[in-house]
**Q** 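So that we are looking at the same thing, I have put the structure below in structure tokens.
What's counted below: heavy atoms across the whole structure, side chains too, no hydrogens, waters or symmetry copies.
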Amino acid sequence: TAPRTGRYVLEVPTVFNGTGYQLKLRRYTPKPGSVARDMRDIVLIRSTDGGQTWSPKVRVNHDAAGHDQSMPNVAVDERGVVYVAWYDRRDAAYGDSVNAYAAVSRDGGQTFGPDMRLSSRSSAWVGAENQNFSVPGTFVGDRIAIAASDSYGVVAWTDFRRWPEGSDIYAA
């Protein structure tokens, strides 16, 4: 998805044996009554009867439309408190960095409290600076984790604030 500027940059190597590429963009328009403002929002549904019926959709994140939220993970504690964590690009004007965010629902997933930024510093999304340099831990990927107990939730995520020295795992 595009950063807030709505501007894409496409880099194509010059030697592709005559292969051509075409980039097509489309505008996403949410359906009337949709809880999502665009395709980037995190939307949760819940079931209290083992999947026989499902609740209406609830938007988890509370930021303005046009910001990427991705790779969410969910945990529920013994009291029914729902914890959701995700990577978020709202703080990156060019979509080039992410932060870990979370939100908590104390009513079983019907509503969510304010978004909490967990990262103390933004991180690049990719650690490798060129396509020929790939080592374990060079991509954030889907490495966000969340666990919940009777009175707390813990989120762990990978980021590259120290890159190129390495990637690290942080928790909050």
**Q** What's the separation between atom CG in Asp41 and atom NZ in Lys57, rounded to the nearest 0.5 Å?
**A** 11.5 Å
**Q** State whether the number of non-hydrogen atoms from other residues, nucleotides or ligands found under 6.0 Å of Arg106 atom CZ is greater than 12.
**A** no
**Q** So which heavy atom on Gly109 is nearest to which on Val58, and how close?
**A** O-CG2, 3.7 Å
**Q** Under a 4.5 Å side-chain heavy-atom rule over Ile, Leu, Val, Met, Phe, Trp and Tyr, are Val60 and Val76 clustered together?
**A**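 Yes; Val76 is reachable from Val60 via cluster members.
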**Q** Would a distance-only check, ignoring hydrogens and angles, find a side-chain to backbone donor-acceptor pair under 3.5 Å from Thr158 to Ile169?
**A**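 Here the side-chain-to-backbone pair does not exist.
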**Q** Please tell me if the side chains of Ser120 and Arg161 come closer than 4.5 Å, counting only heavy atoms from C-beta onward.
**A** yes
**Q** Going by atom types alone, do Arg89 and Ser70 pair a side-chain donor with an acceptor below 3.5 Å?
**A** no
**Q** The test is side chain to side chain contact (heavy atoms under 4.5 Å, CB included); show your working for Asp159 and Tyr87 and say whether it passes.
**A** CA-CA 10 Å; Asp159 79 25; Tyr87 289 111; 6.0 Å; no
**Q** Looking just at side-chain N and O atoms, do Tyr101 and Asp91 make a donor-acceptor pair shorter than 3.5 Å?
**A**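 Yes, Asp91 and Tyr101 have a side-chain donor paired with an acceptor closer than 3.5 Å.
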**Q** For the atom pair CG (Asp77) and OH (Tyr83), what is the distance rounded to the nearest 0.5 Å?
**A** 4.5 Å
**Q** Looking at Tyr170, does the NZ or CZ of Arg121 lie under 6.0 angstrom from its six-membered ring centre and within 45 degrees of the ring axis?
**A**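 Pair Arg121/Tyr170 does not count as cation-pi.
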**Q** Is the shortest side-chain heavy-atom distance between Asn99 and Ser122 below 4.5 Å?
**A**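 Asn99 reaches Ser122 side chain to side chain.
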**Q** Mind checking whether Val43 and Val35 have side chains closer than 4.5 Å, heavy atoms only?
**A**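 Yes, side chains in contact.
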**Q** Decide yes or no for Asp63 and Gln69: does some side-chain heavy atom of the first lie under 4.5 Å from some side-chain heavy atom of the second?
**A**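 Asp63 vs Gln69: side chains touch.
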**Q** Let me confirm one number: the CG-NE2 distance from Asp88 to His67, rounded to the nearest 0.5 Å.
**A**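 Asp88 atom CG to His67 atom NE2 measures 8.5 Å (nearest 0.5 Å).
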**Q** Has the side chain of Ser34 got a donor or acceptor atom that lies under 3.5 Å from a matching backbone atom of Ala36?
**A** yes
**Q** Check whether any side-chain N or O of Gln52 sits under 3.5 Å from a backbone N or O of Asp49 as a donor-acceptor pair, and report yes or no.
**A**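 No.
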**Q** How many angstroms lie between CD1 in Ile45 and CH2 in Trp54, if you round to the nearest 0.5 Å?
**A** 5.0 Å
**Q** If you group Ile, Leu, Val, Met, Phe, Trp and Tyr by side-chain heavy-atom gaps below 4.5 Å, do Val74 and Val155 land in one group?
**A**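 Cluster IDs for Val74 and Val155 differ.
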**Q** From Arg46 CZ over to Thr53 OG1, what is the distance, rounded to the nearest 0.5 angstrom?
**A**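 Going from the CZ atom of Arg46 to the OG1 atom of Thr53 covers 9.5 Å.
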**Q** State, with a plain yes or no, whether a side-chain heavy atom of Val104 is found less than 4.5 Å away from one of Val81.
**A** yes
**Q** Measure the shortest side-chain to side-chain distance between Asp68 and Arg90 over non-hydrogen atoms and say whether it is less than 4.5 angstrom.
**A** no
**Q** Mind checking the OG-CG spacing from Ser55 to Leu44? Nearest 0.5 Å is all I need.
**A**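 These two atoms lie 6.5 Å from each other.
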**Q** Got Phe112 and Val82 here, is their nearest side-chain heavy-atom distance under 4.5 Å?
**A** yes
**Q** Can you name the residues that form a side chain to side chain contact (heavy atoms under 4.5 Å, CB included) with Asn73, not counting sequence neighbours?
**A** Ile144, Ile146
**Q** Could you list the residues that satisfy side-chain hydrogen bond (donor to acceptor under 3.5 Å, both in side chains) with Ser97, not counting sequence neighbours?
**A** none
**Q** I'd like to check Trp157 versus Ser119 (side-chain heavy atoms, cut-off strictly below 4.5 Å). Are they in contact?
**A**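 Yes, side chains in contact.
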